[in-house]
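Structure first, commentary second.
Model, not experiment: these values are computed from the prediction. To find a chain, count down the sequence lines: A is the first, B the second, and so on, and within it residues start at 1.
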Amino acid sequence: MSIKFQIARIVIDVPIPKAFDYVMEEVKQADIGKRVIVPFGRHERMGVIVDCASQSDYPLAKLKPVLRVLDEEPVFTPDTLALLKFCSQYYQFPLGGTIFTALPARLRQLAPWADEAPYAWQLTPSGKDALGGLSGRAKAQIALRDAMSEPVTPQILNAISRQASSVIKKWAEAGWIESVPITRVPCDAQIGPKPYLTEEQARIVEAVDLSDPQASVLFGVTGSGKTEVYLRLVEKALAAGKQVLVLVPEINLTPQLLLRFKARFPHASLTSLHSEISDAERAREWMACRRGERSIVLGTRLSVFVPLPALGLILIDEEHDNAYKQQDGLRYSAKHVALMRGKLVGAPVLLGSATPSLESWFQTLSGKYRLHTLSQRAVASAVMPTIALVDTRRRYTEDGLSSELISAIQATLDRKEQSLLFINRRGYAPVIFCDACGWQAGCDRCSARLVLHRQQKRLVCHHCGWGQPAPLACPDCGNQDIKPIGVGTQRLEDSLEKYFPTARILRIDRDAMRHKGSWAAAQARIAAGEVDILVGTQMLAKGHDFPDLTLVGVVNADASLYAADFRASERLFAQLMQVSGRAGRAGKPGQVLVQTAFPEHPVFDALIRHDYAGYATSLLQERADCAFPPYTFQALLRAEAPRIEMAMQWLHQARQTALSTVPAHLAEVTCFDPVPALMARIDGKERAQLLFQSDSRAALQRFLSGWSYLLYELPSNGIHWSLEVDPIEV
DNA sequence: AGCACGCCGACT
DNA sequence: GTCGGCGTGCTC
């Protein structure tokens, strides 16, 4: 005998941290997770049922009815909903906002949505007869007929002719064409024999137990064969009838990984969820996953919420990457959510990296995560690159290039191999300076300097995008001798062209790769051996495989050596390790030259010895000494206003609310004073922040739960605020 | 977030 | 006298 509910608890996409009760005849447990239409204020909104009840705290007479139920089957499975509830609580973000963040945009729209399987049009035998004679002026029809000699999607037909849909309709009625479901065509990539596993790889594949929801770190240098371990684990999971979730930081490096997955599992239903697929396709794939019709999901951070009823394994590639952290709205860490999801559904989670985050490394030391190490490069002939420093205090460097680096590039050119020059600055020069009066080009809207982009002859702000023509003379004193100081990717490219006029140079940075497809084109050129020297920012450091690359030059990494951010040295070390790993992968020895004015800094010593573990341990010691994460847990309240005083004043109020309403919770939580943000001004908005810190994650959570909802009740005239749990930039 | 209600300045 | 500024309060 089931309980009769009459009240549906529904969340709506509004920034209000609560659910709303509605009357609904015969709501049942099975309705939880369905989308509905409800009257809200003076409008109708979409909501999601999160609970059912027989009573309400709200006056019964004032309850409104659910107008319509949109789904036959819930779009969220119970375990996904449980995960979203956890996120809402942990990140102190309204459940409605959390649920609607996870929902594909197309499923957020009211318009009815046909969850039709993808199909294609094809000529029938009678159609071939009837249309075979088409000739002359019916150009559009001829083109369509020719296209349909084999199955072709409506999208492509629409691109061929604007009349496509009416022609299709006519021909389909005449029986000349028929629609056929698109069967997943087996990938034509070479399947080939699986590579032999090294003993290390085999041991790890063996050690990951699908029935044990243990988190583990797969620590392996670049080229040590992490991907092969992933593939074997996926194979294991598929054989057990499980679904696999593979998270990647960005779509940038997905193509290579995606190809390897497709080639290895040509018959598995694999879906790749990234920012470039259409809304309709994302919604369709989401529902297919939800029905258990996809066995491998490869996607960026948002994919961590995709409903997968048979989820049995989660892989997180390049787990140290900050792209797993969403920096607006629901400020979640997909890595953290994935670990929680693994725990909830009893699936193991594997965090792969050559440079694990200190947080993860810490967990392996404390025994909470297992540590699996791949210590050797998988291709036996590939050895670790040799790393050397160039002391820029003693060597003359012109336009950023030391003579050592120049001759190393020359030698590499002579061997017809590729070089990569890494510099963490876009543009031509990061500072424009007047010798006469000391003026520097600064952004009006941000507390940042303007960067010179010389081709466009413009000064550009890298924080707000604001640009202006580069001045010919100092705007303050009229001095014509204003100097670009420092080196960016463009200036480096210019110098290289001077030194190596016949070399084929390719610059890879956000400016050069702005246009869609340019990154793919660049990768193709690199792979085809059409590039001698690569110049670029961290885009180049991430997980790419450049087989002919034997020299890596780090032009200037000094800016992050003594930065204010306590995570800067961790990031720099990871970046240097990653970019060094690009050198010498296919049996050719690699060489890395790092230019620095601080060669005695311990980070370089660790880098030269390829000693991640040692450096990580010393960084952890520093963190422990200073009581920084992962030895302490933080939450950061940010406020943004037209004037900094307003932001500061609002934060003071927020702080006061904490002190007066939940003093008990503050026994274990340190509440700091509001301070202006490091970047106090961005795009004309001024920002301040308030930090909370505790040695106990649970105590911090208790405090936040008792306090954060009060923030919604604070008068917030012109203030934009957000609360971030486990912030990565403090 | 939207959108109403509500009370003070310059305008057809 | 009104149109409209955005402060504040509410949405089951």
Side-chain angles (χ1 to χ4, degrees), chain A residues 4-29 31-71 81 84-85 87-88 91-111 326-332 637-643 645-654 656-657 661 684-686 708-724:
Chain A
K4 286 269 190 257
F5 299 109
Q6 284 195 74
I7 289 161
R9 207 142 275 164
I10 287 165
V11 293
I12 294 157
D13 192 13
V14 288
I16 304 169
K18 61 187 286 200
F20 297 89
D21 290 350
Y22 287 87
V23 178
M24 181 169 151
E25 293 299 317
E26 290 181 53
V27 226
K28 25 187 206 318
Q29 232 32 70
D31 292 321
I32 292 175
K34 287 183 185 174
R35 296 170 305 149
V36 292
I37 302 296
V38 291
F40 187 73
R42 59 178 16 259
H43 287 282
E44 289 176 9
R45 297 288 298 260
M46 182 188 291
V48 172
I49 304 177
V50 291
D51 211 348
C52 38
S54 45
Q55 273 165 250
S56 174
D57 295 338
Y58 202 70
L60 241 66
K62 289 170 82 175
L63 290 185
K64 293 181 182 175
V66 170
L67 300 177
R68 198 145 60 87
V69 179
L70 294 173
D71 300 307
L81 220 45
L84 289 164
K85 283 181 181 169
C87 276
S88 163
Y91 291 109
Q92 307 293 324
F93 200 74
L95 183 58
T98 306
I99 283 179
F100 278 87
T101 300
L103 198 63
R106 191 62 190 77
L107 296 177
R108 269 179 276 179
Q109 289 166 17
L110 283 187
Q326 176 133 85
Q327 294 289 21
D328 54 70
L330 171 66
R331 293 172 171 253
Y332 67 102
L637 181 63
R638 301 170 200 272
E640 191 180 277
R643 301 198 36 73
E645 299 78 39
M646 294 166 69
M648 290 287 282
Q649 199 231 326
W650 188 86
L651 289 175
H652 272 116
Q653 281 183 59
Q656 200 47 53
T657 309
T661 50
K685 279 165 266 182
E686 308 204 316
S708 75
Y709 71 95
L710 296 166
L711 295 170
Y712 291 88
E713 286 156 26
L714 248 41
S716 59
N717 324 321
I719 307 271
H720 274 256
W721 62 269
S722 65
L723 181 58
E724 181 165 1

- prompt: Are the side chain of A:Arg35 and the backbone of A:Leu107 linked by a donor-acceptor contact shorter than 3.5 Å?
  reply: yes

- prompt: If you count the non-hydrogen atoms of other residues, nucleotides and ligands that lie under 6.0 Å from CD in A:Gln6, is the total more than 12?
  reply: no

Residues 18-28 of chain A side chain polar contacts: donor-acceptor under 3.5 Å, at least two apart:
from: A:Asp21; atom 1: OD1; to: A:Arg9; atom 2: NE; distance (Å): 2.8
from: A:Asp21; atom 1: OD2; to: A:Arg9; atom 2: NH2; distance (Å): 3.3
from: A:Asp21; atom 1: OD2; to: A:Ser56; atom 2: OG; distance (Å): 2.6
from: A:Tyr22; atom 1: OH; to: A:Pro39; atom 2: O; distance (Å): 2.8
from: A:Lys28; atom 1: NZ; to: A:Asp31; atom 2: OD1; distance (Å): 3.4

- prompt: If you count the non-hydrogen atoms of other residues, nucleotides and ligands that lie under 6.0 Å from CZ in A:Arg108, is the total more than 12?
  reply: yes

query: Is there a donor-acceptor contact under 3.5 Å from the side chain of A:Ser88 to the main chain of A:Leu84?
result: no

- prompt: Base, sugar-phosphate, or nothing for A:Tyr22, non-hydrogen atoms under 4.0 angstrom?
  reply: sugar-phosphate

- prompt: Just wondering, more than 12 heavy atoms not from A:His652 lying within 6.0 Å of its NE2?
  reply: yes

task: Would you check if A:Cys87 and A:Phe93 make a side-chain contact, meaning some heavy-atom pair closer than 4.5 Å?
output: no

query: Is A:Ile12 touching bases, backbone alone, or none of the nucleic acid, heavy atoms closer than 4.0 Å?
result: nothing

- prompt: For DNA chain B, what residues of residues 45-61 of chain A have any heavy atom nearer than 4.0 Å?
  reply: none

Nucleotide range of DNA chain B lying under 4.0 Å from chain A heavy atoms: B:dA1 to B:dA4

statement: Smallest heavy-atom separation, A:Gly41 atom then A:Lys64 atom, equals O-NZ, 3.4 Å

field: Nucleic acid contacts of residues 713-721 of chain A, taken as heavy-atom distances under 4.0 Å to DNA chain C
entry: A:Asn717

task: Please list, in 5' to 3' order, the outermost nucleotides of DNA chain C lying under 4.0 Å from any heavy atom of chain A.
output: C:dT8 to C:dC12

query: Is there side-chain contact between A:Val14 and A:Phe100, with at least one heavy-atom pair below 4.5 Å?
result: no

message: So A:Arg45 and A:Asp13, do their side chains get closer than 4.5 Å, heavy atoms only?
response: yes

Side chain proximity check, A:Ile16 to A:Tyr712, heavy atoms < 4.5 angstrom: no

What pairs of donor and acceptor atoms, side-chain ones from residues 46-55 of chain A against any protein atom, are under 3.5 angstrom apart with sequence neighbours left out?
none

Non-hydrogen side-chain atoms of A:Leu81 and A:Ile99 separated by less than 4.5 Å: yes

